[in-house]
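All chains are named by letter (A, B, ...) in the order of the sequence lines, taking the proteins before the strands, and each is independently numbered beginning at 1.
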There are 2 protein chains.
Amino acid sequence: MDELKRRATVHDVAREAGVSLATVDRVLNGRPGVRTETAGKVAEAIRTLDFRRDLSASLLARARDLGVTFLLPDGRNEFMLGLIDAISRRAHATKGERISIDTMLVPAFDGAALATALAGLDPKQCDCAVVVATEDDRVRRAIDQASRRGIAVVTLVSDLPGSARRHFVGIDNQAAGRTAASLLGRFAAPGPIGLIVGSLSLADHHQRREGFEAVLHGEFPGHRITGPLEGRDDDARTEAAALELLARPVTGIYNLGAGNAGLLRALERTGLTGKVRVVAHELTDATRAGLASGAIDVVIDQNPDGEIAAALGLARAVALGQDTERRPAPIEIGLYLRDNLPRG
Amino acid sequence: MDELKRRATVHDVAREAGVSLATVDRVLNGRPGVRTETAGKVAEAIRTLDFRRDLSASLLARARDLGVTFLLPDGRNEFMLGLIDAISRRAHATKGERISIDTMLVPAFDGAALATALAGLDPKQCDCAVVVATEDDRVRRAIDQASRRGIAVVTLVSDLPGSARRHFVGIDNQAAGRTAASLLGRFAAPGPIGLIVGSLSLADHHQRREGFEAVLHGEFPGHRITGPLEGRDDDARTEAAALELLARPVTGIYNLGAGNAGLLRALERTGLTGKVRVVAHELTDATRAGLASGAIDVVIDQNPDGEIAAALGLARAVALGQDTERRPAPIEIGLYLRDNLPRG
DNA sequence: CGCGTCTTGAGGTACGTGCCTCATGACCTA
DNA sequence: TAGGTCATGAGGCACGTACCTCAAGACGCG
């Protein structure tokens with residue numbers, strides 16, 4: 001009866017499979033020198049006993065800590081800076097859990113650079129790479145190759161389907177766009193709604209726009225879309241785009257990219273702060289200020305801390321080879337009004 | 001230089017403090033037989049070296065798993081059932097991390113019963129109790145006593161300030177109420193807004209109501225509040241309360257308690273589904289259905305899974321004595337419209 | 001047949017901590 | 001001064017896994 005409650009160990013697996021401990025170890029850790037047939041017996045025993053590697057013991061026995069490398073675009077925009085903050089916060093909170101975190105910045109929107117960075121990762125030091133992927137076949141190939149070298153890859157914020165990435169951590173951007181439309185459709189008086197995007201060629205932004213247009217057209221026939229204009233995720237250019245939109249009689253604005261400080265300046269300069277309903281993305285200093293002043297009505301956020309925590313959890317699971325069936329909970333889309341701002 | 005990168009171990013602490021390993025161990029694990037002065041030297045060394053107990057090794061060395069006991073009110077309402085679900089989901093995901101989870105149901109709104117349950121916990125089997133606290137001095141004392149017996153206590157959903165509870169995990173209910181007002185004030189046409197509470201004597205509900213009234217009165221002078229009526233967190237009674245409110249010309253309803261299935265039935269029976277703006281709490285089968293059908297406009301959610309995960313994380317940290325300064329991130333208030341429902 | 005390669009087994013050490021026993025002083029009290 | 005209690009040290013085993021070495025057997029090939 002006591003026996004029944006004990007978790008199975010590698011010893012049990014070896015006995016059940018009728019092989020030695022060394023062989024089980026080889027199978028578990030992907031070392032060579034095991035016939036397919038023998039590996040099958042071990043896998044079978046693992047299934048029979050519902051064996052799970054003991055994380056505590058596993059991390060303890062490893063010569064080195066679990067190495068996780070973040071590859072982030074070297075853009076200076078608020079959101080990426082926030083992600084970096086989240087990583088260092090999490091790194092601090094993770095001391096004592098045998099995880100060592102590295103962050104590399106690579107040129108933004110540069111597939112070749114990202115592929116090179118991936119190729120340069122040393123499997124001896126990096127067990128898992130967490131990548132904000134750029135849509136590019138070279139990146140796809142680099143991910144596949146890293147995977148073959150024993151570096152698990154997880155995509156963050158923007159996914160790269162069709163690659164060997166093990167998981168994606170991020171929000172459903174189309175749902176975010178639909179939500180923005182739902183809110184603006186009710187907050188803003190019927191009339192033209194201005195749309196600002198970062199770039200028409202970014203997958204995330206494209207998805208947000210799709211969702212936004214579908215719901216606004218489908219459910220709020222009194223509204224129509226003006227734009228989109230490109231703000232390039234940049235304050236100055238977003239300001240210019242916003243000024244252009246505000247010159248027309250818009251009742252609302254949806255900025256689905258970054259550069260919100262520019263948007264706020266444009267509202268200020270035209271004296272339209274509080275008179276035009278505004279939905280923006282990501283909780284940052286700028287958008288918090290906008291919410292507080294009433295310039296922004298709703299901020300749609302993807303919670304960088306949650307994303308980093310999720311990515312690290314996945315990294316650990318993936319690198320220790322125990323992510324077979326269980327799929328991560330999706331990152332939830334956060335909605336913030338002035339009244340439910342965290343830490344207020 | 002290699003020396004510099006190594007994490008400090010208990011051996012280092014012993015050397016630094018000029019005491020033996022056994023003494024360090026006594027201090028770390030709160031065992032008796034150490035002079036205050038000696039303990040001080042050890043604490044000093046721990047600070048100097050920035051020593052953190054290695055979780056992996058610690059859990060591995062323990063004879064038994066970390067015992068966490070949840071004490072939940074035995075109410076059959078949707079939210080508590082959801083919490084229980086979240087616990088079992090998390091318990092499943094936590095296999096292999098040496099944490100053993102127990103759930104006890106105690107009579108709802110019964111301070112004496114909760115106090116008794118706390119007193120009955122065995123410190124040999126329970127390292128940390130996670131409690132949905134009832135406002136009652138007997139509970140406060142029971143928490144203090146459990147704390148003295150070596151059982152750390154964390155409050156969940158509803159806090160009990162003034163007790164020896166180590167942390168609180170939950171949302172800011174006043175902010176939730178303010179948010180509801182912000183949304184209803186804009187969604188609903190000016191006019192009377194119906195208010196349904198679970199009970200006027202519940203602390204959480206009281207706070208939500210406060211926040212709601214403050215913002216609705218302060219910012220939406222065209223609206224006024226009708227009610228509150230008590231729904232007792234119960235479907236039938238909530239239905240009755242909603243019918244009473246809907247008999248008047250309300251433009252919106254805020255139900256800050258449970259019993260939403262009853263609210264939906266009332267809307268259906270009066271043919272007002274979709275014609276009255278509705279804000280409710282907690283994502284459940286009922287509120288999801290309401291969002292999907294358009295009967296409910298916004299659901300304010302406190303994310304049970306997140307709360308359970310946070311509580312377990314705290315339990316681990318607290319039970320292993322490493323929660324000195326670092327305070328947990330507050331649980332965020334989730335807002336859901338039909339378009340950003342997770343898993344859609 | 002002899003050689004090499006591949007597969008497997010046997011056994012050990014190490015990781016950092018928890019917990020146990022036993023011994024050794026220091027100090028207090030009658 | 002003898003007996004007791006208390007503070008501390010010394011040392012060892014255990015937890016479950018990772019990773020290492022060495023040896024033995026199987027098998028193929030020339």
A.B. asks: Could you state the atom-to-atom distance from NE2 of B/H11 to P of D/dA10 in whole Å?
C.D. replies: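 It works out to 12 Å between those atoms.
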A.B. asks: Within the side chain of A/S147, is there an N or O that forms a donor-acceptor pair under 3.5 Å with the backbone of A/I143?
C.D. replies: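 Not a single qualifying donor-acceptor pair exists.
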A.B. asks: Over all strands shown, is A/N29 touching base, sugar-phosphate only, or nothing at heavy-atom distances under 4.0 angstrom?
C.D. replies: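 Sugar-phosphate, no base atom in range.
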A.B. asks: Between C/dG16, D/dA18, C/dC19, which nucleotide has the shortest distance from any of its atoms to the side chain of B/A57?
C.D. replies: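 My answer, after comparing the listed nucleotides, is C/dG16.
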A.B. asks: Tell me the interatomic distance from B/R31, atom CZ, to D/dC6, atom P, rounded to whole angstroms.
C.D. replies: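 In whole Å, D/dC6 P lies 18 Å from B/R31 CZ.
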A.B. asks: Any side-chain to backbone donor/acceptor pair from A/R138 onto A/A113? Under 3.5 Å, distance only.
C.D. replies: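 Answer holds: no.
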A.B. asks: Calculate the interatomic distance between A/L59 atom CG and C/dA14 atom C1'; express it in whole Å.
C.D. replies: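 To the nearest whole Å, that distance equals 15 Å.
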A.B. asks: Whole-Å distance between D/dA10 C1' and B/R15 CZ?
C.D. replies: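 Rounded to the whole Å, the gap is 16 Å.
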A.B. asks: Rounded to the Å, how far apart are A/I46 CD1 and D/dT17 C1'?
C.D. replies: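 Going from A/I46 (CD1) to D/dT17 (C1'), I get 13 Å.
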A.B. asks: Look at the side chain of B/R53 and decide which nucleotide, out of C/dC19, C/dG16, C/dT17, has an atom nearest to it.
C.D. replies: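 Given the options C/dC19, C/dG16, C/dT17, the side chain of B/R53 is closest to C/dT17.
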A.B. asks: In whole angstroms, how far is the P atom of C/dG18 from the CG atom of B/L60?
C.D. replies: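 About 11 Å, once rounded to whole Å.
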A.B. asks: Nearest-Å distance, CG (B/D54) to P (C/dG18)?
C.D. replies: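 Rounding to the nearest Å, CG of B/D54 and P of C/dG18 are 9 Å apart.
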A.B. asks: Heavy atoms only: give me the nearest B/L118-B/A129 pair and the separation to one decimal.
C.D. replies: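 Minimum heavy-atom contact is CD2-CB, 4.2 Å.
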A.B. asks: Taking B/R52 first and then B/D54, would you say they form a salt bridge - that is, a charged N and a carboxylate O separated by under 4.0 Å?
C.D. replies: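 Between B/D54 and B/R52 there is no salt bridge, as every charged N stays at least 4.0 Å from the carboxylate O atoms.
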A.B. asks: In whole angstrom, what separates B/D25's CG from C/dG16's C1'?
C.D. replies: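 My rounded result for the distance is 12 Å.
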A.B. asks: Please determine whether a side-chain nitrogen of the Lys or Arg among B/D305 and B/R90 lies less than 4.0 Å from a carboxylate oxygen of the Asp or Glu.
C.D. replies: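 Salt bridge flag = no for B/R90 with B/D305.
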A.B. asks: Where along nucleotides 4-12 of chain C does protein come under 4.0 Å, by heavy atom, of base (B) or sugar-phosphate alone (S), with - for untouched nucleotides?
C.D. replies: ---SBBB--
